[in-house]
Amino acid sequence: MTENKSAKKFLKEIEQYFADNEKLEVSSLLAKLVSMKYKGKGNIREYIIEISHLASKLKSLKMELSEDLLVHLVLISLPAHFGQFKVSYNTQKDKWSLNEFISHYVQEKERHQLDKIESAHLASTSQYKKKKRGKDIAVGSSQTKKQKKQAKEFTCYFSKKSGHMK
């Protein structure tokens with residue numbers, strides 16, 4: 001009987017140890033989930049799958065998160081240049097699942113890349129630089145002409161007349 005009591009005591013100690021360990025694991029998983037940020041590089045699907053994986057770990061520890069909450073966590077972690085995407089989600093009456101979110105995000109990312117290509121094309125024209133350089137040269141050459149003209153029109157210190165010097 002003493003072996004049976006000591007075994008029960010031992011199992012209770014192990015259960016308490018794992019209960020404390022579960023609390024620690026839940027808090028570390030939640031901290032990781034809240035602090036995750038999508039940097040815009042890499043595949044958004046993999047990022048969302050990682051968030052979903054963390055949520056399933058929390059579910060196994062009896063801490064279930066709704067899919068709406070996960071979508072909001074993903075929205076919060078998006079870079080600032082997806083502000084319009086966030087606003088469009090918030091203004092819609094529909095709530096997206098994670099799969100719908102991925103498809104909408106891919107469309108938004110493609111639209112954003114097209115905008116980026118267009119603006120890069122507009123910014124890369126070199127005609128402005130050539131005109132500016134030409135104006136700078138013209139301004140510089142007109143200043144040197146004025147200086148030369150002033151040098152030719154020197155005055156005599158004695159008679160105060162131009163064209164000769166004493």
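Predicted, not measured: the structure shown is a model, and the values here were computed from it.
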> Looking at side-chain heavy atoms only, is the closest gap between K37 and I76 below 4.5 Å?
Replying inline: yes

>> Using the ring pair (Phe, Tyr, Trp, His ring centres under 6.0 Å) criterion, which residues pair with Y89? Sequence neighbours excluded.
In response: H72, W96

> Are M36 and L54 close enough, and set up right, to give a side-chain contact (heavy atoms from CB on, under 4.5 Å), and what steps lead you there?
Replying inline: CA-CA 11 Å; M36 287 178 69; L54 288 174; 3.5 Å; yes

>> For the CG atom of L73 and the OG atom of S35, what is their distance to the nearest 0.5 Å?
In response: 10.5 Å

>> What I'd like to find out is whether the side chain of F85 reaches to under 4.5 Å of the side chain of L75, using heavy atoms alone.
In response: yes

>> So, using side-chain contact (heavy atoms from CB on, under 4.5 Å) as the criterion, who are the partners of S159 when residues are at least two apart?
In response: C156, K161, H164

Name the atoms and distances for all side-chain donor-acceptor pairs under 3.5 Å in residues 63-70, with sequence neighbours left out.
{"from": "S66", "atom 1": "OG", "to": "L69", "atom 2": "N", "distance (Å)": "3.2"}
{"from": "E67", "atom 1": "OE2", "to": "L98", "atom 2": "N", "distance (Å)": "3.0"}

> Do any N or O atoms from the side chain of Q107 and from the backbone of H104 form a donor-acceptor pair under 3.5 angstrom?
Replying inline: no

> If you look at every heavy atom in E100 and S103, which pair is closest and at what distance?
Replying inline: O-OG, 2.8 Å

>> Listing request: all side-chain hydrogen bond (donor to acceptor under 3.5 Å, both in side chains) pairs with a residue in residues 45-60, at least two apart in sequence or in separate chains.
In response: Y47-S77

>> Tell me every residue that passes side-chain contact (heavy atoms from CB on, under 4.5 Å) with L61, counting only those two or more places apart in sequence or in another chain.
In response: E22, E25, V26, L29

> Under a single-linkage definition using a 4.5 Å side-chain heavy-atom cutoff for Ile, Leu, Val, Met, Phe, Trp and Tyr, are L30 and I51 assigned to the same hydrophobic cluster?
Replying inline: yes

